[in-house]
Engineer: 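Please find one structure pasted underneath; my questions will follow.
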Amino acid sequence: MEESLSSKNFIEEFIEQDIREKGLSHIQTRFPPEPNGYLHIGHAKALSIDFSMAEKFGGSCNLRFDDTNPTKEDEEFVDAIMDDICWLGFHWAHVFFGSDYFDTCYELAVKLIKKGVAYVCDLSKDEMREYRGTLTEPGRNSPWRDRSVEENLALFARMKAGDFPDGTRTLRAKIDMASPNMNMRDPAMYRIIHMAHHHTGDKWCIYPMYDFAHPIQDAIEGVTHSLCSLEYEAHRPLYDWVVEQCEFQQKPRQIEFARLNLTNTMMSKRYLRRLVEEGFVAGWDDPRMPTLCGLRRRGYTAESIRDFLSRVGVAKADSVVETAMLEHCIREDLNAHAHRMMAVLDPIRLVVDNWPENTVQNIALDNLPGDETAGVRALPFGRELYIEREDFSYDPPKKYFRLKPDGEVRLKGAYIVKCTRYETDAAGNVTTVYCTYDPETRSGEGQRKVKGTLHWLPLQSAVAAEFRLYEDLLLPESGEAEALDFTQRLNPASIVKRHGFVEPGLAACPVGSRYQFMRVGYFCADLDHTAAAPVFNRIVSLKDSFKVVN
RNA sequence: UGGGGUGUCGCCAAGCGGUAAGGCACGGGACUUUGACUCCCGCAUUCGUAGGUUCGAAUCCUGCCACCCCAGCCA
């Protein structure tokens with residue numbers, strides 16, 4: 001973990017200031033996801049800020065499901081969200097539901113009516129929009145704005161009792177229809193929705209709006225700092241208004257920060273949902289998805305994601321972080337821990353002509369060079385092997401260090417071999433390469449060096465495996481194409497399957513285990529992996545500075 | 001257009017009146033039985049822009065420009 005980013009972000013400075021000036025003794029934050037989808041890496045940024053700010057100041061962070069709209073939410077997502085947070089390694093103090101506070105919200109709404117700062121409005125949705133005015137013109141007062149407290153109280157009670165159909169009335173805050181801030185033009189606080197709620201069942205048919213419920217939830221829980229993304233900045237005056245009117249003594253402070261964006265990745269739930277529902281991906285945990293379950297299945301470690309988040313930082317400027325940064329973090333993590341194995345994704349046969357028939361020699365290979373405690377394993381070297389198709393060329397470009405006619409390479413951990421001839425099929429594809437080995441060059445013996453080293457597998461005992469190679473789901477934005485639907489930007493090569501071989505020992509590896517396949521990339525045994533049918537996801541390729549110059 | 005925000009290297013991001021941190025990416029070199037890793041070196045005379053204040057400005061002031069958010073009975 002890089003703690004090099006020693007400077008404080010602006011939120012820490014605000015909190016320190018509050019501790020200094022308001023004498024706060026306990027810092028309380030909250031992570032408030034709406035249970036209507038799976039968490040993605042953008043949520044991970046938000047939650048990591050919520051949890052780490054609390055932790056940094058010795059406070060605590062609650063997990064609160066923001067479930068004030070029964071039409072969109074589902075219990076299905078609650079457990080998944082908790083799983084993802086745990087997986088990332090964060091710990092909440094308490095789990096709450098916004099719906100836990102429905103009674104209090106109702107009482108406070110009644111309080112506001114009694115104070116004359118809330119009223120029941122009979123305007124339809126369209127009428128309300130008309131009355132609201134525009135960005136440049138002030139709105140007009142609702143004709144229902146000046147109902148008596150008694151009438152409002154009676155009407156609100158009837159709303160709660162279910163006397164009115166959906167959409168016929170709302171409870172509105174009485175603020176200022178001429179406010180330059182649209183959010184202050186008598187915003188709705190309660191609407192009528194005759195629908196069962198995943199937590200409260202049929203108890204309610206009126207539900208509080210986010211703008212009313214959120215500050216109340218925060219205040220009740222003793223949240224000192226309510227951290228959220230930039231789009232809520234214009235809601236802060238309303239947030240403060242609710243806290244003030246409800247007369248909470250301890251006033252939570254809302255602070256906004258920029259959300260995370262990644263290149264060639266869309267983070268909106270609407271978009272992710274379409275990918276899943278329209279079959280562009282296999283599910284929420286498709287390894288190409290930016291969801292936490294997708295990244296996890298792909299093979300990303302929680303550590304690498306947290307490291308990434310700490311490197312990205314916290315600020316208020318809109319930004320788009322390059323995926324290369326994320327990839328760097330997982331490479332750095334796996335480079336230190338992932339055992340080095342051999343896998344040939346696109347095999348061709350290599351025959352060692354001067355190797356005796358039916359003879360093998362066990363080659364010892366370090367699991368993790370530089371770390372003896374990781375141990376060694378043996379791989380049988382014999383007359384017939386597999387090498388990677390791209391590691392042989394009969395018409396090599398300049399600076400080609402791999403196998404070519406009359407050229408020499410070392411087979412990793414074994415011998416130096418010299419290419420003598422090759423065979424092709426009718427189409428000109430190489431089918432078999434022939435070579436001779438130099439017995440004096442067994443690994444660790446002899447002085448000869450060659451420029452290239454190839455990974456290989458014994459033909460006899462290699463185990464067939466499927467490799468799934470992933471790239472970004474979306475192609476880069478092409479200038480004016482921004483108006484195009486995302487389906488026009490889908491990368492046809494976002495998943496490519498290869499059928500090759502792995503070391504025999506890898507068939508029985510556990511699902512989720514990660515390896516570096518030497519010279520190829522970092523891979524993870526997929527959920528679909530079995531000993532009988534091994535499947536590996538490419539988490540990320542190795543960096544490759546080989547450039548064909550010509 | 002009214003309001004609220006933001007503009008520092010290709011991408012993130014420090015900087016808080018004393019003369020541009022760091023990371024990623026990129027380029028060069030060393031090392032190498034992974035063209036990986038590691039290690040060196042390079043990479044903003046300039047901070048959206050134009051003025052002003054000051055001995056001194058990315059930091060203060062003024063104007064302008066660009067981009068983002070707000071007109072849900074979504075969150």
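For the numbers below, each heavy atom of this structure counts, side chains included, while hydrogens, waters and symmetry mates do not. Below, chain A is the first sequence line, B the second, and so on; all start at residue 1.
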Engineer: Return the CG to CG distance between A:Leu411 and A:Leu403, rounded to the nearest 0.5 Å.
Structural biologist: 7.5 Å
Engineer: With heavy atoms under 4.0 Å as the rule, sort A:Tyr232 into base, sugar-phosphate or nothing.
Structural biologist: base
Engineer: When the ring centroid of A:Phe536 is compared with that of A:Phe517, is the distance short of 6.0 Å?
Structural biologist: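 Close enough - the centres of the two rings lie under 6.0 Å apart.
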Engineer: Sticking with atom P, work out how far B:C39 lies from B:G23, rounded to a whole angstrom.
Structural biologist: 11 Å
Engineer: So what does A:Met184 hit on the nucleic acid, given a heavy-atom distance under 4.0 Å: a base, only sugar-phosphate, or nothing?
Structural biologist: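 Nothing, no nucleic acid heavy atom in range.
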Engineer: What nucleotide, of B:U34, B:C24, B:A75, holds the atom closest to the side chain of A:Thr453?
Structural biologist: B:U34
Engineer: How close or far is atom C1' of B:C70 from atom CZ of A:Arg129, stated in whole angstroms?
Structural biologist: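 To the nearest whole Å, that distance equals 15 Å.
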Engineer: Between B:A14, B:C73, B:G35, which nucleotide gets closest to the side-chain atoms of A:Lys399?
Structural biologist: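 Nearest to the side chain of A:Lys399 among the choices is B:G35.
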Engineer: With a cut-off of under 6.0 Å to the ring centre and 45° to the axis, is A:Lys160 in cation-pi contact with A:Trp204?
Structural biologist: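 Yes; both conditions hold, so A:Lys160 lies above the ring face of A:Trp204.
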Engineer: Report the glycosidic orientation of B:G72: syn if within 90° of 0, anti in every other case.
Structural biologist: syn
Engineer: A:Phe96 ring centre to A:Arg64 NZ or CZ under 6.0 Å, with the angle to the axis within 45°?
Structural biologist: no
Engineer: For B:U33, does either OP1 or OP2 sit under 4.0 Å from a side-chain N or O belonging to A:Lys449?
Structural biologist: yes
Engineer: Between A:Arg236 and B:G5, is there a side-chain N or O to OP1/OP2 distance below 4.0 Å?
Structural biologist: no
Engineer: Scan A:Arg442 against the nucleic acid and name what it touches under 4.0 Å (heavy atoms): base, sugar-phosphate only, or nothing.
Structural biologist: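 It contacts base atoms.
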Engineer: Cation-pi check, A:Lys404 to A:Phe392: give yes when NZ or CZ is under 6.0 Å from the six-membered ring centre and within 45° of the ring axis, no otherwise.
Structural biologist: no
Engineer: Expressed in angstrom and rounded to an integer, what is the separation of A:Phe523 atom CZ from B:U34 atom P?
Structural biologist: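 Spelled out: CZ on A:Phe523 to P on B:U34 is 19 Å.
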Engineer: Figure out the CD1/P separation between A:Ile206 and B:C74, and round it to whole Å.
Structural biologist: 14 Å
Engineer: Taking the side chain of A:Gln516 as its heavy atoms from C-beta onward, which of B:U34, B:A75, B:U33 lies nearest to it?
Structural biologist: B:U34
Engineer: Separation of A:Arg259 atom CZ from B:A75 atom C1', in whole Å?
Structural biologist: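 Rounded to the whole Å, the gap is 10 Å.
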Engineer: Does A:Arg172 place a side-chain N or O at less than 4.0 Å from the phosphate oxygens OP1/OP2 of B:C73?
Structural biologist: no
Engineer: Less than 6.0 angstrom separating the ring centers of A:Tyr239 and A:His235, yes or no?
Structural biologist: no
Engineer: Are A:Tyr300 and A:Asp333 close enough that a side-chain donor and a side-chain acceptor fall under 3.5 Å?
Structural biologist: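 Looking only at side-chain atoms, A:Asp333 and A:Tyr300 do not form any donor-acceptor pair under 3.5 Å.
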Engineer: At a cut-off of 3.5 Å, list every protein nitrogen or oxygen paired with a nitrogen or oxygen from nucleotides 37-43 of chain B, distance to 0.1 Å.
Structural biologist:
residue : atom : partner  : partner atom : Å
B:C37   : O2'  : A:Asn335 : ND2          : 2.9

Engineer: Pick base, sugar-phosphate or nothing for A:Ser545, based on heavy-atom distances below 4.0 Å to the nucleic acid.
Structural biologist: sugar-phosphate
Engineer: Just to be sure I understand the rule, does A:Val314 reach a base, reach only the sugar-phosphate, or reach nothing, if contact means heavy atoms closer than 4.0 Å?
Structural biologist: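 Since only primed, P, OP1 and OP2 atoms lie under 4.0 Å of A:Val314, the category is sugar-phosphate.
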Engineer: Does any pair with a residue in residues 364-377 of chain A pass salt bridge (Lys or Arg N to Asp or Glu O under 4.0 Å), and if so which ones, sequence neighbours excluded?
Structural biologist: A:Arg377-A:Glu503
Engineer: On RNA chain B, check which nucleotide each of A:Pro187 and A:Asn9 is closest to and give me the residue with the more 5' one.
Structural biologist: A:Asn9
Engineer: Would one find a side-chain N or O of A:Arg191 under 4.0 angstrom from OP1 or OP2 of B:G72?
Structural biologist: no
Engineer: So A:His455, base contact, sugar-phosphate only, or nothing? Heavy-atom distance under 4.0 Å.
Structural biologist: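 No contact at all - A:His455 keeps every heavy atom at 4.0 Å or more from the nucleic acid.
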Engineer: Over 60° means perpendicular and under 30° means parallel, so classify the ring planes of A:Tyr106 and A:Tyr190, tilted if in between.
Structural biologist: perpendicular
Engineer: Below 4.0 angstrom from OP1 or OP2 of B:C73, is there any side-chain N or O of A:Arg132?
Structural biologist: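 Yes, within the criterion.
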Engineer: Tell me if the centroids of the rings in A:His43 and A:Tyr38 come within less than 6.0 Å of each other.
Structural biologist: no
Engineer: Where do N or O atoms of nucleotides 1-3 of chain B meet protein N or O atoms at under 3.5 Å, pair by pair?
Structural biologist:
residue : atom : partner  : partner atom : Å
B:G2    : N9   : A:Leu135 : O            : 3.2
B:G2    : N2   : A:Pro180 : O            : 3.1
B:G2    : N3   : A:Leu135 : O            : 3.3

Engineer: Base, sugar-phosphate, or nothing: which does A:Tyr400 touch, judged by heavy atoms less than 4.0 Å apart?
Structural biologist: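 Since a base atom lies under 4.0 Å of A:Tyr400, the category is base.
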Engineer: Any ion pair linking A:Asp122 and A:Arg147 (charged N to carboxylate O, less than 4.0 Å)?
Structural biologist: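 A:Asp122 and A:Arg147: salt-bridged.
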Engineer: Once you apply a heavy-atom cut-off of 4.0 Å, does A:Lys316 come out as touching a base, just sugar-phosphate, or nothing?
Structural biologist: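 Counting heavy atoms under 4.0 Å across all strands, the contact made by A:Lys316 is with sugar-phosphate only.
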Engineer: I need the A:Leu334 CG to A:Tyr515 OH distance, nearest 0.5 Å.
Structural biologist: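 With rounding to 0.5 Å, CG (A:Leu334) is 11.5 Å from OH (A:Tyr515).
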Engineer: So A:Leu123, base contact, sugar-phosphate only, or nothing? Heavy-atom distance under 4.0 Å.
Structural biologist: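 Base contact - A:Leu123 has a heavy atom under 4.0 Å of at least one base atom.
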Engineer: Can you tell me if A:His328 touches the phosphate of B:C24, counting only side-chain N or O atoms and a distance under 4.0 Å to OP1 or OP2?
Structural biologist: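 Checking B:C24 against A:His328, a side-chain N or O does come within under 4.0 Å of OP1 or OP2.
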Engineer: Regarding A:Gly444, tell me which of base, sugar-phosphate or nothing describes its non-hydrogen contacts under 4.0 Å with the strands shown.
Structural biologist: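 Contact class for A:Gly444: base.
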Engineer: For the residue pair A:Arg169 and A:Phe164, would you count it as a cation-pi contact if the rule is NZ or CZ under 6.0 angstrom from the ring centre and within 45 degrees of the ring axis?
Structural biologist: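 Positive - A:Arg169 is close enough to the ring of A:Phe164 and near enough to its axis.
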Engineer: Could you tell me if the side chain of A:Arg30 sits less than 4.5 Å from the side chain of A:Leu227, heavy atoms only?
Structural biologist: yes
Engineer: Base, sugar-phosphate or nothing for A:Glu127? Non-hydrogen atoms, less than 4.0 Å.
Structural biologist: nothing
Engineer: Which residues, if any, of residues 364-371 of chain A bring a heavy atom under 4.0 Å of RNA chain B?
Structural biologist: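 Going residue by residue through residues 364-371 of chain A, none turns out to have a heavy atom under 4.0 Å of RNA chain B.
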Engineer: Measure the distance from CZ on A:Arg410 to P on B:G35 and round it to the nearest whole Å.
Structural biologist: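 Atom CZ in A:Arg410 sits about 13 Å away from atom P in B:G35.
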Engineer: Does the structure place the NZ or CZ of A:Arg514 under 6.0 Å from the centre of the six-membered ring of A:Phe523, at an angle of no more than 45° from the ring's axis?
Structural biologist: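 No, a cation-pi geometry is absent between A:Arg514 and A:Phe523.
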Engineer: Please determine, for the side chain of A:Lys412, which listed nucleotide (B:A14, B:U33, B:U34) has the closest atom?
Structural biologist: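 Closest of the options to the side chain of A:Lys412: B:U33.
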Engineer: Give the rounded distance in Å between these two atoms: CD of A:Glu12 and P of B:A14.
Structural biologist: 11 Å
Engineer: Does any residue of residues 160-169 of chain A have a heavy atom under 4.0 Å from RNA chain B, and if so, which ones, in number order?
Structural biologist: A:Gly167
Engineer: For the pair A:Tyr437 and A:Tyr415, name the ring-plane relationship: parallel under 30°, tilted 30 to 60°, perpendicular over 60°.
Structural biologist: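 A:Tyr437 vs A:Tyr415 ring planes: perpendicular.
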Engineer: Generate the contact string for nucleotides 7-12 of chain B. Rules: B means base contact, S means sugar-phosphate contact only, - means no protein heavy atom under 4.0 Å.
Structural biologist: S--BSS
Engineer: Using only atom types and a distance under 3.5 Å, with no angle test, would you say the side chain of A:Ser179 pairs donor to acceptor with the backbone of A:Asp176?
Structural biologist: no
